[in-house]
Participant: 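Provided herewith is a single structure, encoded as structure tokens, for subsequent inquiry.
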Amino acid sequence: MASLPSSWINSNDQQLWRGLREGNELAFTAIFDRYHRTLYNYGSKLAADSALIEDAVQEVFIDVWRMRASLSEDILSIKFYLYRSLRRRIQRIQGKYQSSENIDEIADEEATPMSITEETVQIEQESKAMLTRRIQELLAHLPKRQAEALTLYYYDDFSISQIAQIMDVNEKSVRNFIHRALTSLRQSRNWLIGSLLISWLLLSM
Amino acid sequence: MKQASFSLVDFLEDPDFVAWVKHPDENQNAYWQQFLVAYPDKKAVVETARHYVLVLVEQTGQNLPSAAQSQSMRETIQKQVREEKRSTPFIRATRTSWNWMQMAATVALVLGLAVTAYWYSQRNANQSESYQQFVQATPKGSSLHETRNDTDKPMTILLSDGSSVVLQAGSRLSYPDTFQRREVYLVGKAFFEVVKDPTRPFLVYTRGVATKVLGTSFMVDAPESDQPIKVAVKTGKVAVYALEESPTVREKAIDPALDGMVLTPNQSAEYMAESHRLVRTPDTVSAFTQPDIQVVAKQSFDFDETPISDVFKTLELAYGVHISYDESLLGECPLSASLVGQPLDEKLSVICKALEAQYTVQGNQVVITGGQRCQ
């Protein structure tokens, strides 16, 4: 097998993983190049300190290299493996040891569900800039785990079942996180439309 | 998708819809066109939902590292990989031939002898004298090795007989690469966990004092100031000698008998530098309540259904090592074991035996490989 770096760029996960297990540094580097940026992005949903995120991402890769010989042969998704490792590592750094159901989630589950009103209003086209601003606002204020689940679902293309395993919760909780986040998003839109309407009414008086 | 009213949120939560928006292909285009033919009134909602998904994807991916951050991470990792390649591996395989009976017997023996001792000695001018004696008396053919802990964390040294020494920050230890006699020289503070070998006593020299053990764990502290040497035993037995009073201690080193001042659990003694005298401390005073005691000396290493992730965290703190393992596979495996007094090597052996795993040690890196998932 050719060992030029370029030969790894187009390799699939299985080929890269096999290369890594055999101790091929170029395969390892290709895995880093392919996944470290999105992994860092995910880390930013778990911790605010960029130095901590960088350390954790580095350690995940260094560990993968050290343990290459003992990594299981068939891997469904390198990305999934890395994400799960990163989450555990950041939790370890932050000293959170209780694994799954912690207070933050229980509080989330017990909160009164928001009423989902029928989509009666016709959908106005909201400008992209306005929607972007609103989603930025939302992501900044959402409970951490809701923002985390949204990222894994929309940006990282993980399935609900994979997200559940990464976040160490059950699938129902994941659906819950996403549903709550989206509901707040829609409600913030209704609120916005409402406030625009009111200000328009006030102005026109 | 369910038959209901297809609200905006329904679309946003539908994985097929999200997949179509992110990576449209002909099949999916066809499917969603058909859908709109069947539900023409949903055209606006679908359009809005598409819009939402695109912005959600964009906005949840806003925290990518800068090029400089990527470069710095890449360099750190490459440095580690290169360092690993360069360093001569100090590898110990699990003694897989051990059966459980042997293991239990060894554990019991080591436990019975667990000891902690403190030494407070002074260094400076007259320290070099006894260090010279030590070097001269070292048998020809074994080269002395000195390790200094210049970090601010504890550092673990694995000796050739399997014993381990946790060296406190700022301390240093001299020891032969391979032991003929088990003898080391310490300046500073360290915690020793010594493999039991009744035919070969283990001696720790510091300025003015020697401590002899057969197989045990104990702590030694020899600061640079003129403070008295203090020895305290936690469990087991050690013999302490003032070198001036026992000039023949080196001859006695090969004699397994523990004479001199023998200290048993919770007993301690002090060596006065000025009067050159070894004095037994009243039993009411415990050295183990001192605030500056090393983590490894304080730790009971008594695990009861403790998750492996916590066990490893305890070892990492006590020995200043980093343990790499597949946390998703092994992290929740419970361990019940009492590992007090055992060298790091034996602790890892016992744990790996329970996990059906292997371990290697390289510098301060412990790598656990293999292992069975616990249910």
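Worth knowing before you read on, the calculation uses all heavy atoms, side chains too, and leaves out hydrogens, waters and symmetry mates. Just so it is clear: chains get the letters A, B, ... in the order the sequence lines come, proteins before strands, and each one is counted from 1.
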Participant: Does the A/K45 side chain pair with the main chain of B/T60, one donor and one acceptor, at a distance under 3.5 Å?
Facilitator: yes
Participant: Do you know which of B/L64, B/T369, B/D41 has the most heavy-atom pairs with chain A at a distance under 4.5 angstrom?
Facilitator: B/L64
Participant: When you look at B/E327 and A/S85, which way does the side chain to side chain contact (heavy atoms under 4.5 Å, CB included) test go after all the steps?
Facilitator: CA-CA 8 Å; B/E327 192 168 352; A/S85 306; over 6 Å; no
Participant: Taking all heavy atoms of A/Y155 and all of B/K22, pick out the closest pair and write down the distance.
Facilitator: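 For A/Y155 and B/K22, the tightest heavy-atom pair comes out as O-NZ, 3.2 Å.
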Participant: Give, for atom OH of B/Y325 and atom CG of A/D63, the distance between the pair rounded to the nearest 0.5 Å.
Facilitator: 9.5 Å
Participant: Strictly distance-based, threshold 3.5 Å: is any side-chain N or O of A/Y154 a donor or acceptor partner for the main-chain N or O of B/L12?
Facilitator: yes
Participant: Distance from B/T48 atom OG1 to A/L131 atom CG, nearest 0.5 Å?
Facilitator: 9.5 Å
Participant: Checking A/Y153 side chain against B/E13 main chain: does a donor-acceptor pair fall under 3.5 Å?
Facilitator: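 Yes, the answer is positive, given that a donor and an acceptor are paired below the 3.5 Å cut-off.
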Participant: Out of curiosity, B/S70 OG to A/H36 NE2, how far, rounded to the nearest 0.5 Å?
Facilitator: 2.5 Å
Participant: Given A/R92 and B/F312, is the side chain to side chain contact (heavy atoms under 4.5 Å, CB included) satisfied, shown in steps?
Facilitator: CA-CA 12 Å; A/R92 214 157 132 194; B/F312 284 158; 5.5 Å; no
Participant: Between A/R37, A/R175, A/R84, A/R89, which has the largest tally of heavy atom pairs under 4.5 Å with chain B?
Facilitator: A/R37
Participant: Verify, without hydrogens or angle tests, whether A/N41 (side chain) and B/N63 (backbone) share a donor-acceptor contact under 3.5 angstrom.
Facilitator: yes
Participant: Just how far is it from atom CE of B/M73 to atom CD of A/Q58, taken to the nearest 0.5 Å?
Facilitator: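 Atom-to-atom, B/M73:CE and A/Q58:CD are 7.0 Å apart.
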Participant: Working note: A/L182 + B/L56, criterion side chain to side chain contact (heavy atoms under 4.5 Å, CB included); need CA distance, chi angles, decisive distance, verdict.
Facilitator: CA-CA 10 Å; A/L182 294 175; B/L56 276 167; 3.9 Å; yes
Participant: Report which part of B/E75 has an atom under 4.5 Å of a heavy atom belonging to chain A: side chain, backbone, both, or neither.
Facilitator: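 Contact with chain A is absent: no heavy atom of B/E75 under 4.5 Å.
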Participant: For A/Y42, is it the side chain, the backbone, both or neither that has a heavy atom under 4.5 Å from a heavy atom of chain B?
Facilitator: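 The answer is neither part of A/Y42.
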Participant: Look up atom OG in B/S324 and atom CZ in A/R66, then write down how far apart they are to the nearest 0.5 Å.
Facilitator: 5.0 Å
Participant: What's the spacing between B/S328 OG and A/Q165 CD if we round to 0.5 Å?
Facilitator: 9.5 Å
Participant: What part of A/L139 is in contact with chain B, defined as an atom under 4.5 angstrom from a non-hydrogen atom: side chain, backbone, both or neither?
Facilitator: side chain
Participant: Go through the atoms of B/Q62 and report whether side chain, backbone, both or neither lie under 4.5 Å from a heavy atom of chain A.
Facilitator: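 For B/Q62, the backbone is the part near chain A, not the side chain.
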Participant: Apply side chain to side chain contact (heavy atoms under 4.5 Å, CB included) to the pair A/F28 and B/V81, showing each step before the final yes or no.
Facilitator: CA-CA 10 Å; A/F28 173 64; B/V81 168; 3.8 Å; yes
Participant: With only heavy atoms counted, which part of A/Y40 is less than 4.5 Å from chain B, the side chain, the backbone, both or neither?
Facilitator: both
Participant: Which one wins on heavy-atom pair count under 4.5 Å against chain B: A/D157, A/T38, A/I178?
Facilitator: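 Result: the option with the highest number of such pairs is A/D157.
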Participant: Please identify, among B/R74, B/Q78, B/H322, the residue contributing the most non-hydrogen atom pairs under 4.5 Å to chain A.
Facilitator: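 The candidate making the most pairs under 4.5 Å is B/R74.
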